[in-house]
Amino acid sequence: MRALTWQGRRDVRVETVPDPVIQDPTDIIVRVTSSGICGSDLHLYEVLGPYLEPGDILGHEPMGVVEETGPDVTAVKRGDRVVVPFNISCGDCFMCDQGLQSQCETTQVRKYGSGAALFGYTKLYGQVPGGQAELLRVPFGNTLPVKVPDGPPDDRFVYLSDVLPTAWQAVEYAAVPPGGSVTVLGLGPIGDMAARIALHRGAGLVIGVDLVSDRLYRASVRGVKTLDLREYGKNLGDAVRDLTDGRGTDAVIDAVGMEAHGASVAKAGQWAVGMLPDAAARPLMERAGIDRLSALHAAIDLVRRGGTVSVSGVYGGAVDPMPLLKMFDKQIQLRMGQANVRNWVPAILPLLVDEDPLGVDGFATHHLPLADAPKAYETFQKKADGMVKTLLRP
């Protein structure tokens, strides 16, 4: 089959690799029909090389059609249309029973002290072949894949793999009161969708912050009050407080993570670590001061006293000191974590079956063949060509 493979920093290639096969009785093989490029994939493209090996297959936002099933699979059959959640969860352990599928005890990567394994996402999360490929082996065929109806195009359902549950959890964790206010930092795919979900769920004011004109416009036409970071810069906090009676918003969602702008020294540190041999780079990536926390520090500034900061952006490492005194003084609540995909599917799926209140049908800005994936990664990393969300068609 053809698949997108990691070969080095900013070097991904479509290559011919062996087809996946059934390994366990509950495995299924899915023929991928759509697979998204996620902002988290840029971390692999840019800075997480120490945890990758040449030839690793990327991608964790796939959907497709069941091609083959193991002998113990009863929940789906050949020909069924399914979405594959990005975190690999058994559905039966203690953590899965708590709705914490991202912490699944069956697939936790204990060697690295990580949570549930993920498709296409480094040794830290199991080094499981990903879904930017023609075929994908999916374990736990009775409990992991989400069966969806035939008919609507893939765009209607594919975001159940990651974007929708990640954004839904971000809003849930933000605990925006009815009619309340929330600032969303970063209007990439997750931030954009989180803003839409917050409005759908009854927020009275949603403020979206970014510095890419196309992203600001996309959010504004759906009712988001947008603030251009290039215009407000260090005065962003004052601008948000001006819109909220001097207090700040009830909640802030950090949908940026370590891709944050405005931290050039930390960015250089990330790049330098990525150039080191793996044995030297891994401990530095985990312990040294290389995270770019400007977005998270902004969230702590923008939220009102007693408010909530919800972090969906991915951070790597344990580094830049958090402003704990300020957080304590403001009595801030902080929630974060990988999305528990399966936990949120029952709430989201009904919004996708008939009407389209979240605008998923037109959410993708680009539809490209798998062969164009290397160029798509480059374009997405540069935030060029109006690219916000790309779906690959293997």
- Item | Polar contact flag, side-chain donor to acceptor under 3.5 angstrom, T249-T183 | yes

Presence of salt bridge, R218 and D214, under 4.0 angstrom:
no

Sequence neighbours excluded, the answer for ring-ring contact (aromatic ring centres under 6.0 Å, His included) partners of Y125 is none

Worksheet item: Within 45 degrees of the axis of the six-membered ring of W168 and under 6.0 Å from its centre: does R201 put its NZ or CZ there?
Response: yes

request  = Salt-bridge test for R110 and E105: reply yes if a basic N is under 4.0 Å from a carboxylate O, no otherwise.
outcome  = no

Excluding L100, membership of its hydrophobic cluster (Ile, Leu, Val, Met, Phe, Trp, Tyr; side-chain heavy atoms within less than 4.5 Å) reads F94, M95

side-chain hydrogen bond (donor to acceptor under 3.5 Å, both in side chains) filter on S35, not counting sequence neighbours, yields none

With sequence neighbours left out, the residues meeting ring-ring contact (aromatic ring centres under 6.0 Å, His included) with F140 are none

Hits for ring-ring contact (aromatic ring centres under 6.0 Å, His included) against F119, two or more places apart or cross-chain, chain-then-number order -> none

>> Side-chain heavy atoms nearer than 4.5 Å, only ILVMFWY residues, links allowed to pass through others: does that put V84 and L392 together?
In response: no

_Presence of salt bridge, D11 and R13, under 4.0 angstrom_ = yes

Would you call S161 and V341 a side-chain contact if the rule is heavy atoms closer than 4.5 Å?
no

V256-I300 co-clustered via ILVMFWY side chain contacts under 4.5 Å: yes

Taken in chain and number order and not counting sequence neighbours, the residues that satisfy side chain to side chain contact (heavy atoms under 4.5 Å, CB included) with D372 are L368, P369

> So, do H60 and P85 sit near enough that their side-chain heavy atoms are less than 4.5 Å apart?
Replying inline: no

Check: Taking C-beta and beyond as the side chain, do L205 and T244 meet within less than 4.5 Å on heavy atoms?
Finding: yes

The complete set of salt bridge (Lys or Arg N to Asp or Glu O under 4.0 Å) pairs with one or both residues in residues 126-139, sequence neighbours excluded, reads D24-R137, D27-R137

Residues pairing under salt bridge (Lys or Arg N to Asp or Glu O under 4.0 Å) where one sits in residues 219-228, two or more places apart or in two chains, turn out to be D228-R230

One thing to verify: whether R2 and E15 come together as a salt bridge, which I'm taking to mean a side-chain N less than 4.0 angstrom from a carboxylate O.
no

So salt bridge (Lys or Arg N to Asp or Glu O under 4.0 Å) across residues 147-169, not counting sequence neighbours, yields D80-K147, R81-D154, D155-R393, R156-D361

Output for pair (W6 CH2, L52 CG), nearest 0.5 Å, gives 5.0 Å

Residues at least two apart in sequence or cross-chain that pass ring-ring contact (aromatic ring centres under 6.0 Å, His included) with F380, listed by chain then number, are none

Quick check: does any side chain N or O of S181 sit under 3.5 Å from a backbone N or O of D250, one acting as donor and the other as acceptor? yes

Applying side chain to side chain contact (heavy atoms under 4.5 Å, CB included) to P153 and not counting sequence neighbours gives none

Consider only side-chain heavy atoms of I, L, V, M, F, W and Y, link residues closer than 4.5 Å, and tell whether Y112 and I88 are in one cluster. no

**Prompt:** Mind checking whether M193 and L164 have side chains closer than 4.5 Å, heavy atoms only?
**Reply:** yes

Output a table of donor-acceptor pairs, distance under 3.5 Å, between side-chain atoms of residues 62-73 and any protein atom two or more places apart or on a different chain; print 'none' if there are none.
unit_1	atom_1	unit_2	atom_2	d
E67	OE1	R31	NE	3.3
E67	OE2	R31	NH2	3.3

Taking the side chain as every heavy atom from C-beta outward, state whether S34 and F157 have any pair of such atoms under 4.5 Å apart. no

- Task: Side-chain contact test, heavy atoms from C-beta onward, threshold under 4.5 Å: evaluate it for V206 versus V184 and give yes or no.
- Result: yes

In short, A255 meets S312 closest at the heavy-atom pair CA-OG, 3.7 Å

Minimum side-chain heavy-atom gap M387-K382 below 4.5 Å: no

Open item on the list: I'd like to check R241 versus R304 (side-chain heavy atoms, cut-off strictly below 4.5 Å). Are they in contact?
Closed with: no

